[in-house]
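A short worksheet on the structure shown next.
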Amino acid sequence: MKQSFKAFRLDKQGEDFSARVDELLLVDLPDSEVLIEVHYSSVNYKDGLASTPNSSIVKSYPFVPGIDLAGIVVESKDERFKRGDQVIATSYEIGVSHYGGYSEYAKIPANWIVPLPEGMSLKESMVYGTAGFTAALSIYRLEQVGLTPNKGKVLVTGASGGVGSMAVAMLAKSGYHVVASTGKESAHPFLYELGAKEVISREEVYEDKVRPLDKQLWAAAIDPVGGQTLASILSKINYGGAVAVSGLTGGTAIPTAVFPFILRGVSLIGIDSAYCPMEVRKQVWERMTGDLKPKSLEYLSTEITFKELPETLSNILNGKIQGRTIVRIH
Ligand SMILES: C=CC(=O)SCCNC(=O)CCNC(=O)[C@H](O)C(C)(C)COP(=O)(O)OP(=O)(O)OC[C@H]1O[C@@H](n2cnc3c(N)ncnc32)[C@H](O)[C@@H]1OP(=O)(O)O
Ligand SMILES: NC(=O)C1=CN([C@@H]2O[C@H](COP(=O)(O)OP(=O)(O)OC[C@H]3O[C@@H](n4cnc5c(N)ncnc54)[C@H](O)[C@@H]3O)[C@@H](O)[C@H]2O)C=CC1
């Protein structure tokens, strides 16, 4: 093992903010049971937020962001893991208050680690990353309240992004009629290729007004956008349908009324990937190697290195990313 290693580190002293690749020592890492040689990480919207000077995500500096990582165990003080094991670590406090994946090495609490499922490579696990896990968890939760392909069309918003594109590909793989909504005309061929049956504009979901109830269009929706888009979706969901909301790229306030809930029995399901219980987490990761695995995972992702991180983190906040971006670390 090298004496020092590379990590993308944020620092803030007063008003001076910096984000650059630094040399770190093992003693710089937070003390945790499992030392991992990181092979891949990924770029999520939350990583973009974390890497801004006035972030609502990172509470203290210096800090290494990256909410996702996959790699090989170097040493472990916990008997559940041993040297050479291939593992995934996403969520919890990783990349939030615990040094994250943009680092050649990471020390992670054993309770936060998922063994790499059989049949999945480290690289594939990061093409999924938190975004893919969130899409899969959304499907899992919608199916728990009765969603099946014969119930009708399923809307996916923010469809060109990480959670959105993963949701389109996984739903299509499972036989759903997917309606993908995007603000980017250039993303239409990509979304059809992922398996969307229809691609619609953002305005076809929300234009400028939310009606208390509207025409019933979709059996369910996966919504990483939130805000007025979510309010509008709720008014257009079929009787007895459900919406799984995970994100806030379109805003945090939801100007809705009680009518979809009390007159159509619509359910609003909150999706949290960060503290999703380990038992459910493992089941969802297993499904991503099986029935939910899209036909071409590679097609969904772009690979970058440390060098391209600053630009990519800024681009994801500006809606300029298509699909998933993985970061090759080792
Ligand atoms: C991959 C996942 C995602 O992408 S999720 C989307 C990205 N996340 C965010 O944008 C959340 C960033 N956080 C905030 O903007 C704020 O913390 C807040 C608006 C959620 C609340 O801010 P406020 O200033 O009102 O209060 P506190 O920060 O002091 O928190 C109040 C209370 O809530 C607990 N809390 C804060 N963040 C989280 C969280 N992410 N998950 C669960 N709980 C959270 C915090 O600990 C406080 O509880 P307390 O019991 O008082 O400790
Ligand atoms: N609840 C949870 O556990 C998780 C939440 N998230 C949240 O989900 C959202 C998406 O995350 P990623 O897929 O990583 O980001 P992303 O940047 O890859 O995708 C975001 C998508 O939203 C679209 N978008 C941006 N502004 C919009 C608007 N005003 N109206 C409609 N669409 C808009 C973008 O064009 C893009 O397609 C973020 O808010 C993120 O914080 C992501 C993962 C886990």
Side-chain angles (χ1 to χ4, degrees), residues 41-52 54-59 65-68 90-98 100-101 126-138 140-141 155-169 180-188 190-191 194 196 199-208 221-233 243-253 269-277 280-281 284 300-302 312-326:
S41 183
S42 86
V43 180
N44 295 279
Y45 192 83
K46 192 174 177 180
D47 299 314
L49 289 175
S51 304
T52 56
N54 297 312
S55 154
S56 55
I57 308 287
V58 177
K59 302 287 187 289
I67 64 171
D68 290 341
T90 65
S91 314
Y92 301 96
E93 292 298 311
I94 300 169
V96 173
S97 66
H98 190 97
M126 287 295 103
V127 175
Y128 284 124
T130 289
F133 177 80
T134 303
L137 182 61
S138 303
Y140 171 95
R141 295 289 310 278
L155 173 72
V156 177
T157 60
S160 70
V163 176
S165 59
M166 280 288 171
V168 169
S181 163
T182 179
K184 297 176 202 143
E185 240 172 77
S186 60
H188 288 209
F190 170 68
L191 293 168
L194 295 186
V199 181
I200 63 175
S201 66
R202 284 182 188 174
E203 292 71 28
E204 284 175 78
V205 179
Y206 165 71
E207 180 100 56
D208 51 9
I222 292 183
D223 180 34
V225 170
Q228 283 159 321
T229 299
L230 173 55
S232 187
I233 295 169
V243 181
V245 59
S246 54
L248 42 70
T249 56
T252 52
I269 302 173
I271 301 298
D272 171 48
S273 61
Y275 279 91
C276 169
V280 176
R281 184 179 296 278
V284 171
L300 275 152
S301 74
T302 307
T312 310
L313 288 163
S314 156
N315 283 346
I316 200 164
L317 294 181
N318 295 318
K320 290 190 191 154
I321 299 286
Q322 176 170 293
R324 293 275 299 143
T325 305
I326 59 169

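When a ligand or atom number is given, it counts from 1 through the structure's own listing order.
- Protein residues with a heavy atom under 4.0 Å from ligand 1 are Lys46, Leu49, Ser56, Ile57, Ile67, Thr130, Leu248.
- Proximity of a side-chain donor or acceptor of Ser232 to a complementary backbone N or O of Val205 within less than 3.5 Å is detected.
- Between the CG atom in Leu230 and the OG1 atom in Thr252 there is a gap of 11.5 Å [rounded to 0.5 Å].
- Side-chain N or O atoms of Asn44 include none that pairs as donor or acceptor with a backbone N or O of Asp47 at under 3.5 Å.
- Here the closest non-hydrogen pair linking Ile233 and Leu155 is CG1-CD2, 3.8 Å.
- Closer than 4.0 angstrom to ligand 2 lie heavy atoms from Asn44, Tyr45, Thr130, Thr134, Gly158, Ser160, Gly161, Gly162, Val163, Lys184, Arg202, Pro224, Val225, Ser246, Gly247, Leu248, Thr249, Gly250, Ile271, Asp272, Ser273, Ile316.
- Here the side chain of Lys184 pairs a donor or acceptor atom with the backbone of Gly319 at under 3.5 angstrom.
- In terms of modelled atom types and a separation under 3.5 Å, the side chain of Asp68 and the main chain of Thr130 share a donor-acceptor contact.
- The main-chain N or O of Ser273 is found under 3.5 Å from a side-chain atom of Arg281 such that the two form a donor-acceptor pair.
- When all heavy atoms of Gly66 and Ser41 are compared, the pair lying nearest together is CA-OG, 4.5 Å.
- A donor-acceptor contact closer than 3.5 angstrom links the side chains of Arg324 and Ser42.
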